Structure formats: structure tokens, C-alpha cells
Protein chains: 2
Amino acid sequence: MRLSTKGRYAVTAMLDLALNGKNGPVTLVEISENQGISLSYLEQLFAALRTKELVRGVRGPGGGYYLGKSADDISIANIICAVDEWVEFTRCGGRQNCSGGARCLTHTLWDDLSTEIFNFLADISLGDLVRRNLGKKDEEEKLTVVASSDSQAA
Amino acid sequence: MRLSTKGRYAVTAMLDLALNGKNGPVTLVEISENQGISLSYLEQLFAALRTKELVRGVRGPGGGYYLGKSADDISIANIICAVDEWVEFTRCGGRQNCSGGARCLTHTLWDDLSTEIFNFLADISLGDLVRRNLGKKDEEEKLTVVASSDSQAA
DNA sequence: GCATTTCCTACTAAATCACTTGGTAATTAG
DNA sequence: CTAATTACCAAGTGATTTAGTAGGAAATGC
């Protein structure tokens, strides 16, 4: 599992999309302004997200991006893997007994931990995150309302 | 939270240390050979681990590294943070209401998730990993025996 | 004294990050 | 039809990170 800033940008952008995409597509320009990420970098990220069918693009005026599937069917692991490209760490190629025994033992331990981290992130969906926030809607809600009217005005 | 290959090297090396350091210190040369990591890179990683007191070095012949504290008191998050240096993602500096409202809402969501990932890794200790493996000691155990006698010979 | 080992600094090729530039293709509004 | 808007695509770029080299100095055991 790899969790870099690139993955964070992707998760953040997808969260923005999930939050603001309820009525109509969201443009990358909006996400760019909302999240402070450069437009072209977003394009690169969304190119990767699109090939994994996590988002769906609509061209032309009034276009933008939709989520490719339900927010409940998109896990954090899905997003990170889409942009960050899973790298195999253990050089022995998984389960084979490589050079020394201790090496492979450590690798097995790491591999187990790595799987656990992945499963943890695979278990959290975009929908979970959004709902988790809606649960504690107090001062946060006001921000959302201000934000949507604000972004329309700008 | 940041989980790069650098952090993986560190965790792997610390695992090696926990596994092989039960009787006497382990040299970086041994870890280097076991895990296929360059000696100087290990030195850099262990310099960071040492300042966080996760390892303790002993110079001279017969020297090497001990764990800085009990394997149960060293979490995976400890190790990763030591070498990878926690980077704050949200530019708004945490909880302030930055430029737009939607931005900070997304940031809050990400921040919560990030904390959750951290807690997950903070909850797994080196000792846990080692014991977890000792539980299923079948063909793995044979490898350990071969390895320790092997590394002594080399 | 000598070999071993940690400890320390500086340097480097390669990769990655985040972004810029400069487009093309599809779609809508007028 | 034209112009504006938006996704889509490719090449390049400075800054940073990665993983490693090189060349030591300081401590310690034999």
C-alpha cells in the first residue's frame, strides 16, 4: 500500500465530487478552486480515475464529472490504487523463499501488515465519509450552505 | 499520514531487528544483507530512528543496534513517523475556515480519515507482528532456524 | 594497535511531484 | 454556424524525494 500526497489529492477531489455532485456534474475548475489543486494536475488524476471507472466525464458546456458508481461502492483504497499504482514491495515476488530465510520471514510479516492496511482502507467508502459528516451537522452545515451559494456566485 | 517505500524499509528493518535481536545487537550489515537494503541508506534511516529513541546503537566490534524500547512499545506509526516526517496536508492549518467552506469541509473529512489511519497503525506494535507470526509457526519456523545459522556463517 | 562498528557529511542519478503550456475533441448556447 | 465551454491529451519542467556512493571520524573489543 502506498499513501502519498498524490493519493491524498485524489481522495480530497473525490470527496469534493461526492459532496457537490448531487445535482449535476462538477467541473474540474470548481474542484481546482475549492481544493487549491492545479487544474492540469487534477486532469491527470482524473484520467487515472476515469480508466478505473471511478468517475465519468461529460464534455461541453454544463459538463463536468460524475462519480462513476455509487459513493458507497467507491472505497478509499480504490481511489488511492487508481492514482498511485500498487507497487510490490517484496522483491522475492511474494511467497517464494528468497535469498535468506529471515528476509522472507520479515517480508511475510510486512506483507500481512500491508494487506491489513489495504483492507482497512478498502472498508471505508466515500459514502461512509460523507454520511459520517452529515451525522454531526452543526456548524459544518452552515459552511456547506455558504460554500454552495458562494461557488455559484464566483 | 504518509506511507512511502521509505517507511516500508524502516518497518522491514525494525522487524528484522525485533526478530534477530533477542540475543545481542544486530549490525546494519546483517540487516543490509538480509533485507537487500544498502548499508548507507540503512544508516540514514537508523539515524532518524535513533533520534526518536526507537533504536539504540552500540559501537565497536560486537556492536550493532538494539531496540530502543520493548517491541510492544513501538508501533508501526512510530516507525513511519520517525523516518517520514509527518506532513500536514490541509493548507488551512487544521481547523480554521479557509477560503471556501467546501474546501474546509472536505479537509475536515480527510483529516478525520487521516487520523483514523494513524490510529490504526499506532495500534499495531512490532511485538504484535512478531507474535502473530510465532502463532502460525509451521514451515516458517524452519526458515528462521536456517536463517539465523546462515547469517552467522556469512 | 587494529579491526569492527556506529556515526556523520556531502554528493548523485533516477524517479516522483505538482504544475505549466499548448493544444484537440465534443457539446451546448446564441 | 459560431463561439464558448468543458473534457481529453501530450510534452516538458523545477523542486523534491528516493536510494544509493564515497569518504571519512569516533568509539569500542580483541
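All values below were derived from every heavy atom in this structure, side-chain atoms included, with hydrogens, water molecules and symmetry-related copies excluded. Source: prediction; values computed, not measured. Order of the sequence lines fixes the chain letters, A, B, ..., with proteins taken first and strands second; residue numbering starts at 1 for each chain.
Contact between the side-chain N/O atoms of A/S4 and the OP1/OP2 oxygens of C/dC17 is found at a separation under 4.0 Å. At least one side-chain nitrogen or oxygen of A/R50 sits closer than 4.0 Å to the OP1 or OP2 atom of D/dC8. Look at B/Y66 and you won't find any side-chain N or O under 4.0 angstrom from OP1 or OP2 of C/dT5. The shortest distance between the side-chain N/O atoms of B/R56 and the OP1/OP2 oxygens of C/dC7 is not below 4.0 Å.
Within the structure, ring pair (Phe, Tyr, Trp, His ring centres under 6.0 Å) pairs that include any residue of residues 12-35 of chain B do not occur (at least two apart or interchain).
Contacts of residues 38-46 of chain B with DNA chain D (heavy atom under 4.0 Å): B/S38, B/S40, B/Y41, B/Q44.
By the side-chain contact (heavy atoms from CB on, under 4.5 Å) test, A/A48 is found to be paired with A/V83, residues two or more places apart in sequence or in another chain being considered. Applying the side-chain contact (heavy atoms from CB on, under 4.5 Å) rule to B/E43 yields the partners B/L28, B/L39, B/S40; only residues at least two apart in sequence or on another chain are considered. Contacts of B/S125 classified as side-chain hydrogen bond (donor to acceptor under 3.5 Å, both in side chains), with partners at least two apart in sequence or in another chain: B/D128.
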Extract all donor-acceptor atom pairs below 3.5 Å that involve side chains of residues 59-74 of chain A and protein atoms in other chains or at least two apart in sequence.
{"from": "A/S70", "atom 1": "OG", "to": "A/D72", "atom 2": "N", "distance (Å)": "3.1"}
{"from": "A/D72", "atom 1": "OD1", "to": "A/R131", "atom 2": "NH1", "distance (Å)": "3.1"}
{"from": "A/D72", "atom 1": "OD1", "to": "A/R131", "atom 2": "NH2", "distance (Å)": "2.9"}

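Rounded to whole angstrom, the span from the CZ atom of B/R59 across to the C1' atom of D/dG24 amounts to 13 Å.
One side chain, A/S4 or A/D84, offers a donor N or O that lies under 3.5 Å from an acceptor on the other.
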